[in-house]
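Before any comments, here is the structure.
None of the values given here were measured: they were computed from a predicted structure. All values below come from the heavy atoms of this structure, side chains included, with hydrogens, waters and symmetry mates left out.
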Amino acid sequence: MIAISDGDTLTVRCGAPGAWRQERVRVAAIDAPESRQAFGQRARQNLAQLCFRQQAGLRRLGRDDYGRTLAHVRCQGQDVGTAQISAGLAWVYAPQARRYPQLVALQQQAQASHTGLWSQKRPLAPWDYRRRHR
């Protein structure tokens, strides 16, 4: 892991030593607050604590609309999407919610306990934030 862009995007170094290639990875099934959004920096910091300068395991699912690798990511033995949702630092990505009921349950727990972004009166979902700030 060589760089953390925000709470759901990171850059990894893949391949053999001396023949590294960089790959931008979007964590599957979650959507973290944008950097300028409330809790955006906390989400990024949490992802950095989990993954920066750590070996990451990727289970690739394909590419997103921006050409990033879409993958389930594990750092330090933890599923990154699960960790971000549990910490109240990301939403379950709405179009994927039915495929990830365990993440929906964790999000509901974070909401009920007012953890992270759920401590706000009306947290603004990142997809709504992006639509307003195009």
Side-chain angles (χ1 to χ4, degrees):
M1 188 67 44
I2 59 174
I4 309 293
S5 301
D6 58 27
D8 58 29
T9 305
L10 35 90
T11 302
V12 298
R13 191 167 59 183
C14 301
W20 302 113
R21 72 183 192 305
Q22 287 187 16
E23 190 172 343
R24 280 184 49 87
V25 177
R26 174 69 157 63
V27 179
I30 69 167
D31 200 354
E34 296 297 325
S35 296
R36 293 185 175 180
Q37 198 176 349
F39 288 88
Q41 288 304 313
R42 293 227 345 238
R44 182 181 182 275
Q45 290 165 354
N46 197 58
L47 183 56
Q49 284 179 334
L50 283 168
C51 294
F52 189 64
R53 293 190 176 187
Q54 300 293 320
Q55 189 165 12
L58 304 179
R59 187 164 51 97
R60 290 172 178 82
L61 302 174
R63 296 226 175 254
D64 71 5
D65 294 340
Y66 302 98
R68 299 173 294 193
T69 298
L70 186 61
H72 290 287
V73 180
R74 291 186 74 79
C75 295
Q76 299 184 61
Q78 292 184 64
D79 177 80
V80 170
T82 299
Q84 291 292 76
I85 295 289
S86 295
L89 296 173
W91 276 258
V92 176
Y93 183 56
Q96 298 287 315
R98 269 200 265 143
R99 293 183 61 203
Y100 298 97
Q102 74 282 9
L103 290 180
V104 172
L106 291 172
Q107 178 174 301
Q108 289 168 343
Q109 288 174 5
Q111 285 173 300
S113 61
H114 306 286
T115 302
L117 61 88
W118 303 111
S119 65
Q120 301 171 91
K121 197 169 203 155
R122 282 193 293 267
L124 181 63
W127 50 88
D128 292 332
Y129 178 88
R130 288 189 293 269
R131 194 171 29 243
R132 289 182 187 180
H133 294 90
R134 280 187 184 164

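Between Arg26 and Asp31 there is a salt bridge, since at least one side-chain N of the basic residue sits less than 4.0 Å from a carboxylate O of the acidic one.
For Arg68, the side chain to side chain donor-acceptor pair (under 3.5 Å) partners at least two apart in sequence or on another chain are Thr9, Asp64. Residues that satisfy the side chain to side chain donor-acceptor pair (under 3.5 Å) test with Gln76, not counting sequence neighbours, are absent from this structure. Legend: residues meeting side-chain contact (heavy atoms from CB on, under 4.5 Å) with Gln78, ordered by chain and number and at least two apart, are Leu50, Ala83. In terms of the salt bridge (Lys or Arg N to Asp or Glu O under 4.0 Å) criterion, residue partners of Arg131 (sequence neighbours excluded) are, by chain and number, Asp128. By the salt bridge (Lys or Arg N to Asp or Glu O under 4.0 Å) test, Arg59 is found to be paired with no residue, residues two or more places apart in sequence or in another chain being considered. Looking at residues two or more places apart in sequence or on another chain, you find a side-chain contact (heavy atoms from CB on, under 4.5 Å) between Thr115 and Ala110, Ser113. Looking at residues two or more places apart in sequence or on another chain, you find a side-chain contact (heavy atoms from CB on, under 4.5 Å) between Ala97 and Val92, Val104.
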Extract all donor-acceptor atom pairs below 3.5 Å that involve side chains of residues 32-39 and protein atoms in other chains or at least two apart in sequence.
unit_1: Glu34; atom_1: OE2; unit_2: Arg130; atom_2: NH1; d: 2.6
unit_1: Gln37; atom_1: OE1; unit_2: Glu34; atom_2: N; d: 2.9
unit_1: Gln37; atom_1: NE2; unit_2: Leu124; atom_2: O; d: 2.4

Sequence neighbours excluded and cut-off under 3.5 Å, please list the side-chain donor-acceptor pairs for residues 17-25, or say none.
unit_1: Glu23; atom_1: OE1; unit_2: Arg60; atom_2: NH2; d: 3.0
unit_1: Glu23; atom_1: OE2; unit_2: Arg60; atom_2: NE; d: 3.1
unit_1: Glu23; atom_1: OE2; unit_2: Thr69; atom_2: OG1; d: 2.6
unit_1: Arg24; atom_1: NH1; unit_2: Ser5; atom_2: OG; d: 2.9

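Among residue pairs with one or both ends in residues 95-123, those qualifying as ring-ring contact (aromatic ring centres under 6.0 Å, His included) are His72-Tyr100, Trp91-Trp118; sequence neighbours excluded.
Transitive grouping of hydrophobic side chains (ILVMFWY, heavy atoms separated by less than 4.5 Å) keeps Tyr93 and Leu61 in distinct clusters.
Taking CG of Asp79 as the reference point, atom CD of Gln102 lies at 8.5 Å (rounded to 0.5 Å). The line from CG of Leu10 to CZ of Arg44 is 11.0 Å long, rounded to the nearest 0.5 Å. Note that CZ of Phe52 and CD of Gln45 are 13.0 Å apart. Values are rounded to the nearest 0.5 Å. For the atom pair Leu58 CG and Arg74 CZ, the distance stands at 12.0 Å (nearest 0.5 Å). Atom CD in Gln84 sits 10.0 Å away from atom CG in Leu117 (nearest 0.5 Å). If you take CD1 on Ile4 and CG on Leu47, they are separated by 4.0 Å, rounding to the nearest 0.5 Å.
For the pair Gln109 (side chain) and Ser86 (backbone), a donor-acceptor distance under 3.5 Å is absent.
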